[in-house]
Amino acid sequence: MSTAIDSLLSRSPDVCGGRIRIEGTRITVHQIVTCYQQGLTPEEIADQYPHINLAQIYAALAHYHAKRDEIDRELEAENADFQRLANESTNPQE
């Protein structure tokens, strides 16, 4: 029996800000990729998210590798926004 990778991922405008995620969860591809970029193996990611399986993690990683430039840009923008907000909260303007 085979499983289409696309059936393991989904996107809804009203869930997780419209980001692509693992079907039936609120775990986004971005979350999986962030763990992966931190050096975690798919098995270690599965340990961190025990309610998802390796097939789902590999589907997220396959999607990432297929759209790597686009997802890397999105992650960079998110990190820049986070840093800006963190700076604003630690250095509020008078």
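Both backbone and side-chain heavy atoms feed into the values below; hydrogens, waters and symmetry mates do not.
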Is there a chain of hydrophobic side chains (I, L, V, M, F, W, Y, each step under 4.5 Å between heavy atoms) that links Ile22 to Val33?
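Yes, because Ile22 and Val33 connect within a single hydrophobic cluster, where side-chain heavy atoms sit under 4.5 Å apart.
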Is it true that a side-chain atom of Gln56 and a backbone atom of Asn53 form a donor plus acceptor pair closer than 3.5 Å?
yes
What residues form a salt bridge (Lys or Arg N to Asp or Glu O under 4.0 Å) with Glu23, not counting sequence neighbours?
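None.
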Measure the spacing between [atom1] of [X] and [atom2] of [Y] and express it to the nearest 0.5 Å.
| X | Y | atom1 | atom2 | answer |
| --- | --- | --- | --- | --- |
| Gln37 | Asp72 | CD | CG | 5.5 Å |
| Arg21 | Cys16 | CZ | SG | 6.0 Å |
| Leu8 | Ile52 | CG | CD1 | 10.5 Å |
| Cys35 | His30 | SG | NE2 | 13.0 Å |
| Ile57 | Leu40 | CD1 | CG | 9.5 Å |
| Gln31 | Leu75 | CD | CG | 10.5 Å |

Taking 4.0 angstrom as the limit, do Glu78 and Arg19 come out as a salt bridge?
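Looking at Arg19 together with Glu78, the answer is yes, because their closest N to O distance falls below 4.0 Å.
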Stepwise side-chain contact (heavy atoms from CB on, under 4.5 Å) test for Arg11 and Ile20
CA-CA 5 Å; Arg11 182 188 313 252; Ile20 194 159; 3.8 Å; yes
Step-by-step side-chain contact (heavy atoms from CB on, under 4.5 Å) determination, Tyr58 to Leu54:
CA-CA 6 Å; Tyr58 279 111; Leu54 281 174; 4.2 Å; yes
Minimum heavy-atom distance Val29-Ala60, with the two atoms named:
CG1-O, 3.7 Å
Is there a side-chain contact (heavy atoms from CB on, under 4.5 Å) between His51 and Ile27 once you walk through the steps?
CA-CA 10 Å; His51 59 289; Ile27 305 298; 3.7 Å; yes
Is there a side-chain contact (heavy atoms from CB on, under 4.5 Å) between Ile45 and Tyr36 once you walk through the steps?
CA-CA 8 Å; Ile45 296 169; Tyr36 176 72; 4.3 Å; yes
